[in-house]
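A short write-up of the structure that comes next.
Letters A, B, ... are given to chains in the order of the sequence lines, protein chains preceding strands, and every chain is numbered from 1. The shown structure was predicted, so the numbers you read here are calculated from the model rather than taken from an experiment.
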Amino acid sequence: MVDNIDQLYADIQRGNENTIAKAISMVEDGTKDAVKLMKKVYRNIEPAYLVGISGPPGSGKSTITQSIVQLWRKENIKVAIIAIDPTSHFSGGALLGDRIRMDKISTDQGVFIRSMATRGSLGGLNSSIYDTVLIFSLAGFEYIIIETVGVGQNEIDIVKLADTTIFVTVPEAGDEIQAYKAGLMEVGDIFVVNKADRPKSKQMVLTIEQLVSFREDKNIWMPPVLATNALKEEGITDIKKRINDHHIYLQENDLLQKNRREVIRAQMINLMEKKLNEKYISPILKDQKFFKHIELICKKKEDPYSVVNELLLL
Amino acid sequence: MSKEDIDKLYKEWKNNKFDKTAQRFGERKKEFKSDSNRTVKPLYSPLDIKDLDYTNKISFPGDYPFTRGVYPTMYRSKLWTMRQYAGFGNAKETNRRFRYLLEQGQTGLSVAFDLPTQIGYDSDYPLARGEVGKVGVAIDTLADMELLFDQIPLDEVSTSMTINSPASILLAMYKVVAEKQGVSSEKLAGTIQNDILKEYIARGTYIFPPEPSLRIITDIFDYCSKEMPRFNTISISGYHIREAGSDAIQELAFTIADGIEYVKAAVDIGMDVDEFAPRLSFFFNAQMDLFEEIAKFRAARRLWAEIMEERFKAQKAKSKMLRFHTQTAGSALTAQQPMNNIMRVTLQALSAVLGGTQSLHTNSYDEAMGLPTEDSVKIALRTQQLIAHETGAADTIDPLAGSYYIESRTDHLVKEARQYIEKIDELGGMAQAIETGYIQREIQENAYRLQKEIEKKDRVVVGVNEFIEEGEGKNNNLLKVDPTVEKEQIKELNNIKEKRDDKEVKDALTQIKKAAVNNNNLMYPIIKAVKAYATIGEISDALREEFGEYEAQYI
Amino acid sequence: MDNIIKVLIAKPGLDGHDRGAKVIARGLKEAGMEVVYTGLRQTPEQIVRSAIQEDVDVIGLSILSGAHSYLFPEIMNRLKKADRSDVVVIAGGIIPEDDHKKLKELGIKAIFQPGTPISKIVDFIENEVQK
C-alpha cells in the first residue's frame, strides 16, 4: 500500500528508478493504488512519442531497438523500452528474454528497459501497457519503444497504440509475409528487411513494396521498406530518420492527435470490457449455477441465448 | 542357419517365452530407453544387423570407413594418450601440476586457461575481476607461457590447449616458447581446440562474429599445413554440446555438422581438402549409457569417413580418419555422495577405450564441487592406467564389434545423425542453423527433458534421486586458488609492459589490423606481436576493432 | 488482481555454461512465474539494474567459474545501495560448501547444489516471497 499518491507521482517525475519500476508493477497487478495514480497521470501527462516494433521471432527486433536507442542516446534523448513476451496458456508463466539483446544499453542511465508478459487478461494488457507508457512519460522519457514478438492480432493491437509502427522481417520470411499481409501491412508505417546481406533480401523488399502499394488507405505517407543489417549496425540511421519523417508527417497533417484520440477510444473500450468482466462476468463464471446451465444446455433443456439474457439480467 | 530360420526361431522365442514370462513377472520399467530416448529392445539378434554390410560399413581397423578404429594395431602398439586437463592460478603453479602429472605417468599435457584468457581479456580488465586463475591458468603475455612450459621438453610432450577465439594467439606463443627451447615448429605435436561454432552453441567463450571467426580458423589451417605439420589445428568438440544437455545423437550430428562447416570454409578459400583434413581432430563426451556411447564413437568414425568421401572427395585415407579425444562427462558428476563419481568415471572411461579413443581425460570425483585436488586427480589418472593394464580391454581391437546390439546401435546412430545433418543443410549449414537458434533450442529441449526425467525418477541417479543419504555433499578438502593470484598476475603484467619495447608492440598491432583488413594470414603478424610481448588483450582488441564482437541472440 | 512472482535469472562473470540457468528459467516459467533471463557475462551493475527496472521479487544467480567470492558481494552491496535488499537472492552452480556460510551472511538466502530438483527451488521461492 502506498501512503501518498502525490509522493509517488513526484518520485516518478524525479525519475527514481525504484519507484517507476514499482508503479509499473502496480499497474500490471491492477492494484487500487495504481488506479489512483493513473487518474492523476491521465489528467496531467501528454504521452511521449511512441514507437512500436514488431516482427517474427529471430528477425532482429531487439538488436534494431538497441541500435536505434544508441543513436538517440548520442543526442542525449532519454528512452524507455517495453519488451513484451507471451504468457504461457498452460502455466501462466512467461520467459522474458529480450534483455539479452540489449546488453549495450542496459547500464545507460538514460535508458529504462522493462519486460512485460501478456498475462492474457481481457483487454487488460493494452490498458496496462498504455498506463506504463504514461508512467514513462511522466518520468521524462522522450521516446518510448514497445517491442512485441510475432505478428498475430494481439501484437497488431499492441503496436496500434504506437505513433509510428515498424515491422521487421528477414529475407527468408517470404511465405509468412504473404500470409500476414492482411493485418500487418495495413498498420505498418515503416518496414524493415533485416539481415539484408542474405540472399533473397532484394526480393523481399520488392514483395513488401508491392503489398504496401495495394493499401486501401491512400494516405500521403507511403511506408518505406528499408534493408538493414542490425548486427553490423547498417541501415539504422535510416530507420531513425524515417521515424522522424513520420513524426513530422503526423504533426503536419494533424494526425498525431487524431491517432491518439483513437488510442484513447480503444483504451476506453478496454477499460469498459475489463470493468464489465470484473463486475458482471467473472462472478458468474465462478458461480456453480453457471456449470448447471452448461449441463442443461448440453441436455437440450436450455439454450445459451436465453441463459445469457437471464444471467446478465437483460 | 538362414535368416528365415532365425527369424522364425526369434518369433517363437519372443511369443512363447519372452512375452509370456514378462507377462507373468512383469518388467522393471514400462519402457526401456537409451540415454538418447530411443527404445531398447529386450534382445538383439542377427536379424538386427542382417542388412549391414561388413566390408562397406564396418571393415577392418585402419581401413575405410574406420568403424573399428583408425589404426591397424590400435592399443596393441600404443595405448591412448592419458591427458588430464589441468590449469589454475598462475603459470608457475600450473607448471608444477604439469610436472607432477608427467611424473605420475601421464603422457600428454592439456592446458586449461582461465576465462579472461579464453575471452581475450588481460588480467587487469574490469570484467576479469574475480576470474583470474579460477577455471584455468592466467596467461597475459609470452612471459607467462615461458613459465608454463618451463623445464618441459616440448619436442617430447604433446600439448592440448583448450582455447578457441584467441587460439591463434596461444598457438603463436607455443611456437615461440618452443623456438626459445630450441625446438623447431615442425616437431611440435598437440592440439588447439579452435572450435568456435560450439562456443556459440554451448560454451560461451566467443569474441568475434561467425564470419571473421571462421576466417581466423582457416588462417590457422593454412599456417599449420605449411609450418606445423604435426599439430592438430582444431578439435571439433561435441563434448560441450553434450554437457549443455544434448543427447548422444545430437552430440554426434552437431559435431559432424560443425566439422562440415569448417571443411567447407577451408575449401571455399581454395585449400585442397587433403592438405588440411588430416590435421582435423575431434573431441567427444563419455556419458553413462555404456553401450550407446561405444556405438557413438564407432558411428562418428564411420560417418566422418563417409562424409569426407561423399561431400569433399577426400583422397588421402588420413583425411577421412576421425581421431578423437574423450573426456568423461562433467555433468554426470554429482555433489551428493561424491565418491560414487569414481565409479561413474570408470565406466565412462571404459566406453571411450572400447570405442577406440586416441586420448582420454578422466574427471576427478570432486569436480562437482570445485577444483580437483592433487589426490583426486591422481585417482582419475589411475583409473585410466587400471583400465589400460589390468582389464585387458586394450588387448584386442574393437572387442565389441559384432555384438548385435552394438552394431545395430552404431548403424542407427549414423542414420539418425544423418537426418539431423540433412535438416542443417536445409537451413543453410551450421553457422546459419546456429544463428536461427535451431541448434540451441534442440539442445535445450533435451536438457529440460533430462531434468524432468530425473525429477520424476524416470531416470535414476544414485545418491541424487534414489539411495539418498542426508547430509551428503560436504567436501572441505577442495583446492583453493590463492586469492592473491589476481593481484600478482596484474603486477607481473605491469612489469612486462614496462620492460618491453612499446613501439615494437604498437607496430606489430598495426600489422595485425592491416592483415585483418587485407585478408592476409593473421598468424604471421600475431607471432610478431607475441614476440614483442604484446598482451592477449591488446591483440584481441586489435582484432575486435576490425571484426566487431558477437552478441548472443537466442534463449 | 494478479500476483505473479517475477524472477531474474542472471549469469554473472565470464563463464558460458548456461544449461542450469536455462533449465531453471524454464522450470520456473512452467511453475507460473515470470522469468527475465539476461544472458551471459553480466556485470554486478547490469544485474542489479535489471532487477530494479524489472521490479523482480527474486534474483537467481548461476555461476560455475568460482568468481562468486568477488561477484556476489558486489551484487549484494549494490542491491543494498539501491535500497532493494528486500529482493530475495538465491544462487546455484559450482559453489564450494566452504563458501556457503560467508555468502549467506551477505544475505544470499539459499545456495542450491547441482542435482537440486526444480520443484524444491519453486517451493523455496514461493515460501520466501509470501513472507
| Whether over 12 other heavy atoms sit under 6.0 Å from A:Gln288 CD | no
| message | A side-chain contact here means heavy atoms from C-beta on lying under 4.5 Å apart; do C:Ser50 and A:Arg99 qualify? | response | yes
| remark: To the nearest 0.5 Å, atom CG of A:Asp98 lies from atom OG1 of C:Thr38 at 12.5 Å
| query | If you draw a 6.0 Å radius around CG in C:Asp86, do more than 12 non-hydrogen atoms from other residues or ligands fall strictly inside? | reply | yes
| Shortest non-hydrogen contact from A:Lys22 to C:Arg84? | NZ-NH2, 3.3 Å
| said: To check you understand the geometry: which heavy-atom pair defines the closest contact between A:Arg114 and C:Gln53, and what is its length? | reply: NH1-O, 2.8 Å
| Is it the backbone or the side chain of A:Phe112 that comes under 4.5 Å from a heavy atom of chain C, or both, or neither? | both
| If you measure from CD1 on C:Ile47 to OG on A:Ser106, what distance do you get to the nearest 0.5 Å? | 10.0 Å
| If you look at every heavy atom in A:Asp108 and C:Arg49, which pair is closest and at what distance? | O-NH1, 2.9 Å
| task | Looking only at non-hydrogen atoms, find the nearest pair between A:Ser91 and C:Glu30 and report the distance. | result | CB-O, 3.2 Å
| request: Please check if atom OH in A:Tyr42 has more than 12 non-hydrogen atoms from other residues, nucleotides or ligands closer than 6.0 Å. | output: yes
| For C:Tyr37 and A:Ile100, what are the C-alpha separation, side-chain angles and deciding distance, and is it a side chain to side chain contact (heavy atoms under 4.5 Å, CB included)? | CA-CA 7 Å; C:Tyr37 180 61; A:Ile100 292 183; 3.6 Å; yes
| task | Could you tell me which portion of A:Ile20 (side chain, backbone, both or neither) has an atom closer than 4.5 angstrom to a non-hydrogen atom of chain C? | result | neither
| task | Any chance you could lay out the side-chain hydrogen bond (donor to acceptor under 3.5 Å, both in side chains) test for C:Gln46 and A:Thr107, step after step, and finish with the verdict? | result | CA-CA 6 Å; C:Gln46 284 175 313; A:Thr107 55; 5.5 Å; no
| said: Please determine whether the number of non-hydrogen atoms from other residues, nucleotides or ligands lying under 6.0 Å from atom NZ of C:Lys102 exceeds 12. | reply: no
| request: Would you please test A:Leu95 and C:Glu34 for side chain to side chain contact (heavy atoms under 4.5 Å, CB included) and show each step? | output: CA-CA 6 Å; A:Leu95 207 47; C:Glu34 289 179 353; over 6 Å; no
| query | Is chain C contacted by the side chain of A:Asn16, its backbone, both, or neither, given a heavy-atom distance below 4.5 Å? | reply | neither
| Near C:Lys104 NZ, under 6.0 Å, is it more than 12 heavy atoms from other residues, nucleotides or ligands? | yes
| field | Verdict with supporting geometry, C:Glu54 and A:Met116, side chain to side chain contact (heavy atoms under 4.5 Å, CB included) | value | CA-CA 9 Å; C:Glu54 298 292 352; A:Met116 287 171 86; over 6 Å; no
| task | Flag the pair C:Lys29 / A:Ser88 as yes when at least one side-chain heavy-atom distance between them is below 4.5 Å, and no otherwise. | result | yes
| message | Between A:Asn18 and C:Ile52 (side chain of the first, backbone of the second, donor and acceptor by atom type, cut-off under 3.5 Å), is there such a pair? | response | no
| chain C contacts, top residue of A:Ile24, A:Val111, A:Asp85 (heavy-atom pairs, under 4.5 Å) | A:Val111
| Part of A:Asp103 lying under 4.5 Å from any heavy atom of chain C | both
